[in-house]
There are 2 protein chains.
Amino acid sequence: MADTLAAGSLTFNPLYKEVKIRLTRGLAGGEWKPGDAIPSETRLAERFNVSIGTIRKAIDELVAERILLRQQGRGTFVATHTEDRTLFYFFHIVGKDGSRELPVTELLSFRKARASAVEEERLRLARGAPTFRIQNVLKLGGKPVVFDEITLPAELFPDLDELVFGGREGTIYGLYQARYAISVLRISERLSAAHPSARAASLLELAPDTCALVINRVAYTYDDTPVEYRLSWVNTERHEYLSDLWKNDGPK
Amino acid sequence: MADTLAAGSLTFNPLYKEVKIRLTRGLAGGEWKPGDAIPSETRLAERFNVSIGTIRKAIDELVAERILLRQQGRGTFVATHTEDRTLFYFFHIVGKDGSRELPVTELLSFRKARASAVEEERLRLARGAPTFRIQNVLKLGGKPVVFDEITLPAELFPDLDELVFGGREGTIYGLYQARYAISVLRISERLSAAHPSARAASLLELAPDTCALVINRVAYTYDDTPVEYRLSWVNTERHEYLSDLWKNDGPK
DNA sequence: TTCGATTTGTTCGTATGTATT
DNA sequence: TAATACATACGAACAAATCGA
């Protein structure tokens, strides 16, 4: 009785929307962690006192949003940032020849800083909130292609330091997820073109006065909470930014 | 009997996939035109000899791909390029202040030409196939922001000429759809940064040596057939390219 | 290897709610 | 008001994949 859905919800959402909200709440709250299987559809149907079809419809939407992952015969799993499938979803730089590979990230600098005006706005932070500011060079085929500056709200990444960041295994978003229970679910990017600074140009091995692609990224987790701001400079002599709208069927 | 699905399909797709294929075939073949309502779910269920749930699942996917549009109480409609919803889906330039408006397109030149090597490859054309090449300037807030060069396979646009193109009502993709029965369903864009040509710079009111954003777009219709190649130069002093992955819930 | 239990995938059918005309 | 259309929800049966005994 305590868990019956139909009652108690003051906003009159359809049942499957309520189920979706409750599942999302469980995911955001850590009841099921990345890589875990959530309970089977049968058990969820019992728990929420709805039919299995209603459960399926809720899960359908979470799968479409890449938050969950279904596998016939095995179960339904919380998506992780260690699956090939997910990796390319957040990395859009491809070779002009069509080649796709994951970058090797080299840490340049790690320091604490106060949020700038732009960062405050994008990350919805208080004035001068403490942040970490991390610079990287991303290499493809051994050559530098992207120069990154990442800004993180210090509050969300308690014990982060240069060693933790540099010593991680896997991707940066994998680190957020594994160590800080922060899952990046969505990113929004704004692109423009500009001359890179002298430092950026030299890091990217760009001749003086060459143009670079500028990417302003904000990464969001549950409830559209921003968790990372990232400014990237891309050498587009041999690479491009791919925006595919949309081949989202995913593999298999 | 003639229309029973389960039989006859040599590839063992699920029923709803077969239904989806047949619906797509009807759409591509012009049985239902943009803006038309397709038959009701009940009638489709009778016609294909499957349950209504199977029909719904097929339509679900076509709606997710923005090929169809459902409206409770009214019916299910073939998407058109005249709906506000659709318009911004293919136009990604936004003001840095967050403003979103549709551009005013001004025709600069219209001529016939042989496909270049790049165009042949992107449009899957034979060597030196005849094409139309159209240049435009797109204005936002009265100021030029984008300089376009569109390449179209002449074969697909039989009687196209400068008057038809310039005299259209609505958007360019609206013209393709209304006059040539070509619906753009998906685009793929590759972005880079470069110095614009002197002509492009002057059209975009860019100071010499300023950088511009370069967009390589290919537009596809049913069956992933490419129908348009477009090279755009963007003045990113006051505007940006927005890549939102993904807020695809759509309005309402 | 085989078998059985478990889990998701597909398909059917039915009933009722809600929006539109 | 009545008819029609899509939306939600339920339940049942079987198929297909997975995994461990």
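Owing to the predicted nature of the structure, the values given are computational and were not obtained by experimental measurement. Per chain, numbering begins at 1; letters A, B, ... match sequence-line order.
More than 12 heavy atoms of other residues, nucleotides or ligands shown are found within 6.0 angstrom of CD on Gln71(A). Other residues, nucleotides and ligands place no more than 12 heavy atoms under 6.0 Å from the CG atom of Asp84(A).
Ranking dT10(C), dT8(D), dC12(C) by closeness to the Arg56(B) side chain, first place goes to dT8(D). For Leu15(B), the listed nucleotide lying nearest its side chain is dT11(C); candidates were dG11(D), dT11(C), dT8(D). The side chain of Pro14(A) sits closest to dA9(D) out of dT10(C), dA9(D), dG13(C).
Tyr241(B) and Ser243(A) are linked by a side-chain donor-acceptor pair at a separation below 3.5 angstrom, with hydrogens and angles left out of the test. Side-chain atoms of Asn136(B) and Thr105(B) form no donor-acceptor pair, as typed in the model, at a separation below 3.5 Å. No side-chain donor-acceptor contact under 3.5 Å links Glu240(A) and His92(A).
Taking the ring centre of Phe165(B) as origin, the terminal cationic atom of Arg168(B) falls inside the region bounded by 6.0 Å and 45° from the ring axis.
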At under 4.0 Å between heavy atoms, which parts of nucleotides 13-21 of chain D does protein reach? Answer with one letter per nucleotide, 5' to 3': B base, S sugar-phosphate only, - none. --BBBSS--

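Going from atom NZ of Lys17(A) over to atom C1' of dA7(D) covers 12 Å, rounded to whole Å. Between the CZ atom of Phe12(A) and the C1' atom of dT8(D) there is a distance of 16 Å, rounded to whole Å. Straight-line distance from the CD1 atom of Ile55(B) to the C1' atom of dA5(D): 14 Å, rounded to whole Å. For the pair Asn49(A) CG and dG11(D) C1', the computed distance is 15 Å after rounding to whole Å. Distance, Tyr16(A) OH to dG11(D) C1': 20 Å, rounded to whole Å. In this structure, the CD1 atom of Ile59(A) is 13 Å from the C1' atom of dG9(C), given to the nearest Å. Leu69(B) places its CG atom 14 Å from the C1' atom of dA5(D), with the value rounded to the nearest Å. Taking atom CG of Asn13(B) as the reference point, atom C1' of dT11(C) lies 15 Å away to the nearest angstrom.
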side-chain contact (heavy atoms from CB on, under 4.5 Å) assessment of Leu44(B) paired with Leu23(B): CA-CA 10 Å; Leu44(B) 288 172; Leu23(B) 288 176; 4.2 Å; yes

Dump the intermediate steps for side-chain hydrogen bond (donor to acceptor under 3.5 Å, both in side chains) on Tyr220(B) and Glu228(B), then the final yes or no. CA-CA 7 Å; Tyr220(B) 300 86; Glu228(B) 179 203 67; over 6 Å; no

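Nucleic acid contact class of Thr42(A) (heavy atoms, under 4.0 Å, all strands): none. Contact annotation for Gly75(A): backbone-only contact, meaning every heavy-atom pair under 4.0 Å involves sugar-phosphate atoms and none involves a base.
Mapping Ile52(A) and Lys57(A) onto DNA chain D via the closest heavy atom, the residue that lands nearer the 5' end is Lys57(A).
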What N/O pairs connect the protein and nucleotides 2-4 of chain C at under 3.5 Å? Give each pair on its own line.
none

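Summarising the base pairing, dT1(C) is matched to no nucleotide, lacking a Watson-Crick or G-U wobble pair whose two defining distances lie under 3.5 Å.
The side chain of Arg43(A) places an N or O atom within less than 4.0 Å of a non-bridging phosphate oxygen (OP1 or OP2) of dT7(C). Put simply, Thr76(B) has no side-chain N or O that comes within less than 4.0 Å of OP1 or OP2 on dA5(D).
Screening Tyr89(B), Tyr176(B), Phe90(B) for a ring-ring contact (aromatic ring centres under 6.0 Å, His included) with His81(B), the sole residue that qualifies is Phe90(B).
Sequence neighbours left out, the pairs with a member in residues 89-107 of chain B that pass salt bridge (Lys or Arg N to Asp or Glu O under 4.0 Å) are Glu106(B)-Lys139(B).
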